[in-house]
Amino acid sequence: MLQVKDGSKKDIGRGIVRMDPADMGRLGLSDGEIVEIKGTRRTPVRLLATDHDNCGQEALFMDNLTRGNAGLSLDDRVSVHKVQVDFAMEVTIKPMTTMHLLEKDLDPKPLKEKIGGLPVIKGDRIRLSLGGGRDCDFQIVSTKPGGSVMLGPATELTVEKRTAGDRNEGVKYKDIGGLSGQLSRIREMIELPLRFPQAFLRLGVEPPKGVLLYGPPGTGKTVIAKAVANETEAWFTHISGPEIIGKYYGESEQRLRQVFEEAQAHAPSIIFIDEIDAIAPKREEMGGEKQVERRVVAQLLALMDGLQARGQIVVIAATNLPNSIDPALRRPGRFDREVPVPIPDRKGREEILQIHTRGMPLARDVDLSRIAEVTHGFVGADLEVLAKEAAMAALRGIMPSMDFEDPQVPYDRLRTMEIDMKNFSSALRE
Ligand code: ADP
């Protein structure tokens, strides 16, 4: 078994791992050979000798892209297996990026030359240079035959367009009510750098790595993070503070590292940390028994500092207690942007009600603006429940006239089902 160590930046995207030639000899492997490495995934790579300086460590050096492909983290133990790799007849790839690509960027001919000789397996992420200093990651969608293959001169390469439907199920900006000011700030901070990384680089502005959303529970912080991911087609991962501390007791930091590595492997990504106050209370408030939190904060700080400031990974954290967070987390380069997500006002409530009654057959007497007026203090989550309760009240109203022997609700009955103002009133009383 060898220990996984970080590889050299210059090997990124070349499908190379390196090891001590002495280890190769011991394991019966040779320089330049294709081998498979396996963590939670398996991936084929080319084995090369490492520099003299890195010898004698019984280590396998691999960059984070390859670690993502193999499902390995730094310091994991891994074994290496020889594998027979043939040229593929067909390979299909698709870009994994939110940056704007030109038609010619997706031309299979030049891409094929770049991938020639690279060992791959379905699901791998590879990095290709598109010229003009632009790197773009592609995913291997399928290969024929399956298993580990290599692209050869006779391989037919197909490049899929990134389809809008890909990750686009789920919430969108139009499903969020009453927060247009917040949304436009967030889009500017997160969506712009995700979409136009080159523009930011060129202007020398650093896109934020971390954004803190704060406000009472149920005001839409989670939906905002999800909507940004859906709209930008970024990869989305969600962890909650209490879950990290509790569920992974003893492995909290490792879990956090895994989340970041995974996000890196799937970038552009959004990491959403809900209830961050649970992992990051002020350090001075942490007594002796708060050792775990202290270590987790330190780990989170290190991971955020290690993110490249290119806006391709954004950490969105949410809390309802912004002042209970370790100030170190709010320093520049970390969660240095804050967006309040307040309890909605009357107009906001009306917008949210409109969203959550969109698919419902409302009677003519239903006056959403009136309902918005009398629901002072309700947050988005409460209004969503209110709409559902009103629908239940409507259902309860027609129950006595329903024939329970009937396998279906008769069409005429179905057609006339409506939710009226009375239903909302009774939902409000509950
Ligand atoms: P938070 O993360 O702030 O605690 P969530 O984003 O999880 O709250 O909201 C819970 C549910 O309430 C969501 O699934 C959503 O349906 C609804 N909701 C909350 N805020 C809004 C809003 N501003 N617009 C529309 N729906 C909302």
Side-chain angles (χ1 to χ4, degrees), residues 167-187 189-191 210-232 234 236-246 259 270-280 314-325 329 335 337-360 362 366 368-369 371-392 419 424 427-428 430:
R167 324 190 142 268
N168 261 359
E169 324 110 24
V171 276
K172 297 290 194 60
Y173 297 138
K174 67 172 174 29
D175 302 316
I176 300 175
L179 295 171
S180 55
Q182 281 79 355
L183 277 178
S184 61
R185 271 198 70 202
I186 286 165
R187 293 183 64 173
M189 288 187 296
I190 302 175
E191 189 170 338
V211 176
L212 187 66
L213 304 181
Y214 66 91
T219 44
K221 299 180 293 296
T222 310
V223 227
I224 291 177
K226 283 193 182 150
V228 178
N230 283 330
E231 298 267 359
T232 56
F236 182 80
T237 177
H238 179 168
I239 37 167
S240 86
E243 183 190 310
I244 294 210
I245 297 291
V259 168
I270 289 175
I271 302 176
F272 180 62
I273 309 182
D274 201 5
E275 295 181 65
I276 193 172
D277 39 283
I279 59 171
V314 183
V315 190
I316 303 180
T319 180
N320 45 0
L321 309 161
N323 291 323
S324 73
I325 288 178
L329 272 168
F335 294 99
R337 314 290 161 100
E338 296 180 7
V339 180
V341 184
I343 294 180
D345 59 9
R346 198 203 60 75
K347 190 166 153 288
R349 292 196 296 276
E350 188 174 342
E351 278 179 45
I352 298 172
L353 282 166
Q354 265 155 7
I355 289 166
H356 288 289
T357 54
R358 216 160 31 196
M360 297 180 172
L362 296 184
V366 174
L368 293 180
S369 105
I371 301 172
E373 227 167 87
V374 299
T375 44
H376 183 85
F378 279 47
V379 295
D382 301 330
L383 295 166
E384 183 183 7
V385 171
L386 180 70
K388 292 206 170 117
E389 285 293 330
M392 285 310 293
I419 303 169
F424 276 95
L428 266 171
E430 282 181 24

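In each ligand, atom 1 is the first atom listed, and ligand 1 is the first ligand listed.
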Hey, does Ile176 come in under 3.5 Å of ligand 1, counting only N/O atoms on both sides? no
What's the shortest distance from atom 4 (O) of ligand 1 to any protein heavy atom, and which residue and atom give it? Gly218 N, 2.8 Å
I'd like to know if Ala318 contacts ligand 1, where contact means a heavy-atom distance under 4.0 Å to any ligand atom. no
Polar atom proximity, Ile352 to ligand 1 (N or O, under 3.5 Å): no
CG/Leu353 to CG/Leu386 distance, rounded to the nearest 0.5 angstrom? 6.5 Å
Should you measure from each heavy atom of Pro217, which atoms of ligand 1 turn up under 4.0 Å away? 4 (O)
About how many Å separate CD of Gln354 and CG of Leu383, when rounded to the nearest 0.5 Å? 11.5 Å
Residues that Arg187 engages under side-chain hydrogen bond (donor to acceptor under 3.5 Å, both in side chains), provided they are two or more places apart: Glu191
Which ligand 1 atoms does His356 reach within 4.0 Å, using its non-hydrogen atoms? 16 (O), 17 (C), 25 (C), 26 (N), 27 (C)
Taking 4.0 Å as the limit for heavy-atom contacts, which would you say applies to Lys221 with ligand 1: side chain only, backbone only, both, or neither? both
Mark the output for Asp175 as yes if a heavy-atom distance to ligand 1 is under 4.0 Å, and as no if none is. yes
Under 30°, 30 to 60°, or over 60°: which ring-plane class applies to His238 and Phe272, parallel, tilted or perpendicular? perpendicular
Is there a polar contact between ligand 1 and Glu384, counting only N or O atoms under 3.5 Å apart? yes
CA sep, side-chain torsions, deciding dist, call: Phe424, Thr357, side chain to side chain contact (heavy atoms under 4.5 Å, CB included): CA-CA 11 Å; Phe424 276 95; Thr357 54; 4.0 Å; yes
Report yes if some N/O of Val223 lies less than 3.5 Å from some N/O of ligand 1; otherwise report no. yes
Donor-acceptor contact present, side-chain Arg349 to main-chain Thr375, <3.5 Å: yes
The protein heavy atom nearest to atom 2 (O) of ligand 1 is Thr222 OG1, 2.5 Å
Rounded to the nearest 0.5 Å, how far does CD1 of Ile325 lie from CG of Asp277? 6.0 Å
Check this for me, if you would: do Arg358 and Asp175 make a salt bridge, where the nitrogen-to-carboxylate-oxygen distance has to be below 4.0 angstrom? yes
Ligand 1 to Leu179, heavy atom cutoff 4.0 Å, flagged ligand atoms 23 (N)
